Amino acid sequence: MTAEHQSTPSVLFVCVHNAGRSQMAAAYLSHLAGDRIQVRSAGSQPADTVNPAAVAAMAEEGIDIGANRPQVLSTEAVQDSDVVITMGCGDACSIFPGKRYEDWQLEDPAGQGLEAVRPIRDDIKARIEQLITELLPT
């Protein structure tokens, strides 16, 4: 790790469409950790827009992801991240030594209504809070 990475850990969230789970996770991490953690999200087959139910679920938390756009996953994004978290969608990430990889098994919010997305959002928030305690020891 470079000195820069030691002071600011970086996390990449990956799911196929980068439209729901990874967008919610990235938004929570940015919201809760501020600039103490560098946050990225991407997908292997990015959708055109963020899932409207994910946007609505996050709006209930006071976090606006409506202007976000799904991004394509790049090898560089993986290389530049200290922690790579896939979202239970079988995405194949390049594996680089010295990185932390996790797979969070989360239900896919695609095509689901707000009622179904809320528990997914809450599960993501709990995981993000745990991740922050691991990356930013007090």
Side-chain angles (χ1 to χ4, degrees):
M1 276 192 214
T2 64
E4 178 186 323
H5 276 116
Q6 283 178 327
S7 60
T8 308
S10 56
V11 178
L12 170 64
F13 295 101
V14 181
C15 68
V16 175
H17 300 299
N18 188 223
R21 294 166 286 193
S22 56
Q23 290 280 351
M24 290 190 286
Y28 266 131
L29 187 55
S30 294
H31 181 75
L32 297 172
D35 58 4
R36 297 176 298 158
I37 297 176
Q38 185 179 24
V39 182
R40 301 178 181 89
S41 72
S44 56
Q45 300 168 12
D48 294 330
T49 59
V50 174
N51 179 333
V55 172
M58 294 305 287
E60 291 180 345
E61 296 283 290
I63 301 171
D64 180 9
I65 63 170
N68 291 12
R69 292 287 165 258
Q71 303 295 313
V72 68
L73 177 64
S74 69
T75 301
E76 293 75 28
V78 178
Q79 282 179 306
D80 293 344
S81 300
D82 299 314
V83 180
V84 178
I85 298 174
T86 55
M87 302 286 182
C89 4
D91 255 320
C93 278
S94 306
I95 303 293
F96 294 98
K99 304 209 175 293
R100 173 176 161 186
Y101 292 88
E102 290 185 25
D103 184 50
W104 291 359
Q105 295 292 325
L106 297 162
E107 192 175 334
D108 190 349
Q112 308 240 33
L114 183 56
E115 290 295 322
V117 174
R118 282 185 185 121
I120 301 168
R121 173 201 66 199
D122 296 344
D123 185 4
I124 289 170
K125 183 177 183 180
R127 292 169 188 253
I128 292 297
E129 289 169 341
Q130 176 62 36
L131 182 66
I132 290 170
T133 65
E134 294 167 7
L135 294 179
L136 300 174
T138 50

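Note that this is a predicted model, so its numbers are computed, not measured. Keep in mind that the numbers below use all heavy atoms, side chains included, and drop hydrogens, waters and symmetry copies.
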Within the 4.5 Å heavy-atom criterion, are [X] and [Y] side-chain neighbours or not?
| X | Y | answer |
| --- | --- | --- |
| Lys125 | Ile128 | no |
| Gln38 | Asp80 | no |
| Ser22 | Ile85 | no |
| Ile37 | Leu32 | no |
| Ser44 | Val16 | yes |
| Pro70 | Asp48 | no |
| Leu73 | Val78 | yes |
| Tyr28 | Met58 | yes |

Nearest 0.5 Å, please: how far is [atom2] in [Y] from [atom1] in [X]?
| X | Y | atom1 | atom2 | result |
| --- | --- | --- | --- | --- |
| Arg36 | Thr8 | CZ | OG1 | 10.5 Å |
| Leu106 | Cys15 | CG | SG | 9.5 Å |
| Ile124 | Trp104 | CD1 | CH2 | 7.5 Å |
| Asn51 | Leu114 | CG | CG | 10.0 Å |
| Ser10 | Lys99 | OG | NZ | 7.0 Å |

### Val39, Leu135, Ile132, Val84 screened by side-chain contact (heavy atoms from CB on, under 4.5 Å) with Val11, the one that passes
Leu135
Minimum heavy-atom separation for [X] and [Y], please, with both atom names.
| X | Y | result |
| --- | --- | --- |
| Pro109 | Gly20 | CG-CA, 4.1 Å |
| Ala19 | Ala47 | CB-CB, 3.9 Å |
| Met87 | Asp103 | N-OD1, 3.9 Å |
| Ile65 | Gln23 | CD1-CB, 4.3 Å |
| Ala33 | Leu136 | CB-CD1, 4.4 Å |

### Message
Taking side-chain hydrogen bond (donor to acceptor under 3.5 Å, both in side chains) as the definition, give me every residue that meets it alongside Glu115, ordered by chain and number, with sequence neighbours left out.
### Response
Arg118
### Task
Would you confirm whether Ser30, through its side chain, and Ala27, through its main-chain N or O, come within 3.5 Å as a donor-acceptor pair?
no
### Query
Any sub-3.5 Å donor-acceptor pair from Asn18's side-chain atoms to Pro46's backbone N or O?
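No: the side chain of Asn18 does not pair with the backbone of Pro46.
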### Task
Before giving the answer on side chain to side chain contact (heavy atoms under 4.5 Å, CB included), spell out for Ile120 and Met24 the whole-Å C-alpha distance, their side-chain angles and the decisive distance to 0.1 Å.
CA-CA 9 Å; Ile120 301 168; Met24 290 190 286; 4.2 Å; yes
### Task
Please check if Leu12 and Phe96 belong to a single hydrophobic cluster, counting links between Ile, Leu, Val, Met, Phe, Trp and Tyr side chain heavy atoms closer than 4.5 Å.
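In one cluster with Leu12: Phe96, yes.
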### Task
Report the residues that fulfil salt bridge (Lys or Arg N to Asp or Glu O under 4.0 Å) with Glu102, sequence neighbours left out, ordered by chain and then residue number.
Arg100
